[in-house]
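The figures here come from the full heavy-atom set of this structure, side chains too, leaving out hydrogens, waters and symmetry mates. Just follow the structure's listing: the first ligand is 1, and inside any ligand the first atom is 1. Position 1 is the first residue of the sequence, and the numbers go up from there.
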Amino acid sequence: MKVEALPVIQGEHNLLNYAETYGQFDWKDAEKVFSWSETGKVNMAYEAIDRHAEGARKNKIALYYQDGTRKEKYTFKEMKELSNKAGNVLKAYGDVDKGDRVFIFMPRSPELYFTVLGAIKLGAIVGPLFEAFMEGAVRDRLQDSGAKVLVTTPELLNRVPVDELPELKHIFVVGSNVEESGKIQDFNKKFEQSSKFLEVEWVDRNDGLILHYTSGSTGKPKGVLHVHNSMIQHYQTAKWVLDLKEGDVYWCTADPGWVTGTSYGIFGPWLTGTSNVIIGGRFSPESWYKMIEEYEVTVWYSAPTAFRMLMGAGDEIVKAFNLSSLRHIVSVGEPLNPEVIRWGMKVFNLRIHDTWWMTETGAQLICNYPCMEIKPGSMGKPIPGVQAAIVDDQGQELPPYRMGNLAIKKGWPSMMHTIWNNEQKYESYFMPGDWYVSGDSAYMDEEGYFWFQGRIDDVIMTSGERVGPFEVESKLVEHPAVAEAGVIGKPDPVRGEIIKAFIALRDGYEQSDELKEEIRQFVKQGLAAHAAPREIDFRDKLPKTRSGKIMRRVLKAWELDLPTGDLSTMED
Ligand code: WTA
């Protein structure tokens, strides 16, 4: 297939000599930025905050925070002191030691960031949870991880089943006038009294840093453990892919309950000494554009679901804001529809750069970055230091254009260290040949660009043809009536499977059989006859994860009357 590529633009940390760099780059060289390349000992929070606080960036703004009621900013020096204070609270009143699990269950606020950094300074392993989790989801995660300390807010406290968590020893509540009793302590009061000096715990590069629970397409959520060593890749990709440099103001819209909100909401930007914007509360298209205007955001990392929402809100509202500060836009989480890229070119006059990675991979692996041509619909090429391939079920590499398992050669710095309490699950990710198998299905073209097709379990076999749901969904959202689409294979005695589409319409469109037929014809003519959905259902909303992924397994379960499995990561 020929796709017209969007031309190269210049980036600060450009990989214009990609071909040369690709072969020669060695992660060992990237380590030299950090003091531990000399001492052998490391601490992520030191490298992300204290290192700058002790140097030239001391008075530079590290954090701009805003939500409905608060508007604050903190320099690197202040971040150092405030995270020290939080660390002292956890140590003195929570008895936190190296390796202990400290869970954070609260909405985005400066205290959340002080606490995450403070816990890391003690060598603890941080477990961030989405504020929207209900009791069952909180219990599963705290139990599985054996969390010792939880930091939460008064509003969320009643979703913590304290009696069922014998290993949980201390609960810090962030709020004013918290009533202390049993395990419950007033965080703010202790924070006020704590010293701003703290001895950082120096750990080994493979000591635990963060535990992200993620649910795969089936089964219970699993705890993906990352270690301090990941910083090499967070740092390097923040430069190459996010293109962060000294004067940037960076906004990552993700919550730290999701890996994007830690790897690139905390570590990447701060390891590079960048000013980081964090916005709490609910978002609307107006408030999003307003934040970009107000903070003069230059680099913006978000997700396709958000871009589609903004696209749906129309082009007029974009014009009501001055977004001229923006120079680089990046996306992650699910495939970025070509339609969205075209829209981005129109309204921002910028390319949106897709990046592919996973909770398990810890950092970006296959990306579009400033100095490369973008083929809309492709997730780009592996970054230097990363080797990717499409392999069959035996681990044999497949030639260009053959659909198969997207696999990565083991050995990139931010790879997960293990699955908590489940070594067997961890082992199951690997295939002969040292391949990490992602569970995604994709193909590669002859220029080495990768094209996402779906999760392996989502790929549809219809009348002997393999169809990736993403391609069909992308065509569907090009139709003016379609806001969002989710596509599944539905078992069929004749065709193996047929393609069934669930569609949420844009405002102003009425459901009708004529519209269904029109949409079907649109896919038939624009993509392929065999790819046109035989069945279409209209829904007001599609089931999505909190990170914005359409949950095809839920659509499938609804359709086939099967159990839906774990729904804790589904948005309200
Ligand atoms: C999907 C996200 C297509 C994919 C940081 C992957 C993507 C899963 C992309 C990981 C992309 C993520 N194009 N699909 N650019 N990025 N995905 O763990 O199926 O929330 O395996 O991590 O999201 O999701 P996770």
Side-chain angles (χ1 to χ4, degrees), residues 128 130 210-218 221-226 230 233-234 237 241-242 252-268 301-308 329-338 340-341 352-369 374-383 388 403 405-408 414-416 419 429 436-444 449-459 468-471 473-474 486 544-553 568-571:
F130 282 112
I210 198 154
L211 192 53
H212 273 292
Y213 278 83
T214 174
S215 33
S217 39
T218 51
K222 45 188 185 281
V224 176
L225 181 72
H226 286 291
S230 330
Q233 197 167 342
H234 292 151
T237 51
V241 184
L242 301 179
C252 169
T253 57
D255 187 271
W258 184 33
V259 69
T260 307
T262 57
S263 293
Y264 296 104
I266 298 178
F267 306 133
Y301 200 11
S302 196
T305 183
F307 293 124
R308 284 196 300 264
I329 310 179
V330 195
S331 170
V332 66
E334 35 156 5
L336 184 63
N337 322 78
V340 175
I341 298 187
I352 304 179
H353 297 71
D354 191 14
T355 63
W356 177 92
W357 55 293
M358 307 173 68
T359 304
E360 290 87 338
T361 72
Q364 298 159 341
L365 294 180
I366 299 180
C367 302
N368 292 283
Y369 29 76
I374 290 180
K375 301 185 185 182
S378 159
M379 51 206 193
K381 296 187 192 184
I383 57 169
M403 211 197 278
N405 300 292
L406 172 58
I408 312 290
S414 65
M415 190 178 91
M416 65 176 161
I419 300 289
Y429 281 92
Y436 161 85
V437 184
S438 64
D440 284 356
S441 128
Y443 67 83
M444 190 184 76
Y449 282 75
F450 283 78
W451 300 75
F452 178 87
Q453 299 298 302
R455 293 293 292 169
I456 290 286
D457 335 350
D458 293 340
V459 171
F470 167 60
E471 220 170 11
E473 289 163 3
S474 258
K544 277 192 277 179
T545 64
R546 292 176 200 291
S547 55
K549 281 190 242 305
I550 293 167
M551 297 175 89
R552 298 194 189 92
R553 74 177 158 96
S568 58
T569 52
M570 187 153 101
E571 69 175 11

Can you check whether [X] has an N/O within less than 3.5 Å of an N/O in ligand 1?
X: Thr260; value: no
X: Ser438; value: no
X: Val259; value: no
X: Glu360; value: no
X: Asp354; value: yes
X: Arg455; value: yes

So which protein heavy atom does [atom] come closest to, and at what separation?
atom: atom 24 (O) of ligand 1; answer: Lys549 NZ, 3.0 Å
atom: atom 4 (C) of ligand 1; answer: Asp440 OD2, 3.0 Å
atom: atom 14 (N) of ligand 1; answer: Phe452 CE1, 3.4 Å
atom: atom 11 (C) of ligand 1; answer: Glu334 O, 3.5 Å
atom: atom 25 (P) of ligand 1; answer: Thr359 OG1, 3.5 Å

> According to the interplanar angle, ranging from 0 to 90°, do the rings of His234 and Tyr264 count as parallel (below 30°), tilted (30 to 60°) or perpendicular (above 60°)?
Replying inline: perpendicular
> Which of parallel (below 30°), tilted (30 to 60°) and perpendicular (above 60°) describes Phe452 and Phe470?
Replying inline: perpendicular
Distance in Å, [X] [atom1] paired with [Y] [atom2], rounded so as to fall on 0.5 Å steps:
X: Tyr436; Y: Met415; atom1: OH; atom2: CE; result: 9.0 Å
X: Leu406; Y: Ser441; atom1: CG; atom2: OG; result: 8.5 Å
X: Tyr301; Y: Ser331; atom1: OH; atom2: OG; result: 7.5 Å
X: Ile366; Y: Asp440; atom1: CD1; atom2: CG; result: 9.0 Å

>> Within the structure, is a non-hydrogen atom of Trp258 found at a distance of less than 4.0 Å from ligand 1?
In response: yes
>> So for Gly439, does at least one of its heavy atoms come nearer than 4.0 angstrom to any atom of ligand 1?
In response: no
Using a strict 4.0 Å cut-off to heavy atoms of [X], name the atoms of ligand 1 that fall inside it.
X: Gly333; answer: 1 (C), 7 (C), 9 (C), 12 (C), 16 (N), 17 (N), 23 (O)
X: Pro335; answer: 3 (C), 13 (N), 14 (N)
X: Met358; answer: 6 (C), 10 (C), 18 (O), 21 (O), 22 (O)

> Between the side chain of His353 and the main-chain N/O of Ile374, is any donor-acceptor distance below 3.5 Å?
Replying inline: no
>> I'd like to know whether Glu334 forms a salt bridge (Lys or Arg N to Asp or Glu O under 4.0 Å) with Arg308, so could you lay out the CA-CA distance, the side-chain angles of the two residues, the decisive distance to 0.1 Å, and finally the verdict.
In response: CA-CA 12 Å; Glu334 35 156 5; Arg308 284 196 300 264; 3.0 Å; yes
> What closest approach, in Å, do His226 and Thr359 show between heavy atoms, and which atom pair accounts for it?
Replying inline: NE2-O, 2.7 Å
> Between Gln233 and Leu365, is a side chain to side chain contact (heavy atoms under 4.5 Å, CB included) present by the stated rule, with each step listed?
Replying inline: CA-CA 9 Å; Gln233 197 167 342; Leu365 294 180; 3.4 Å; yes
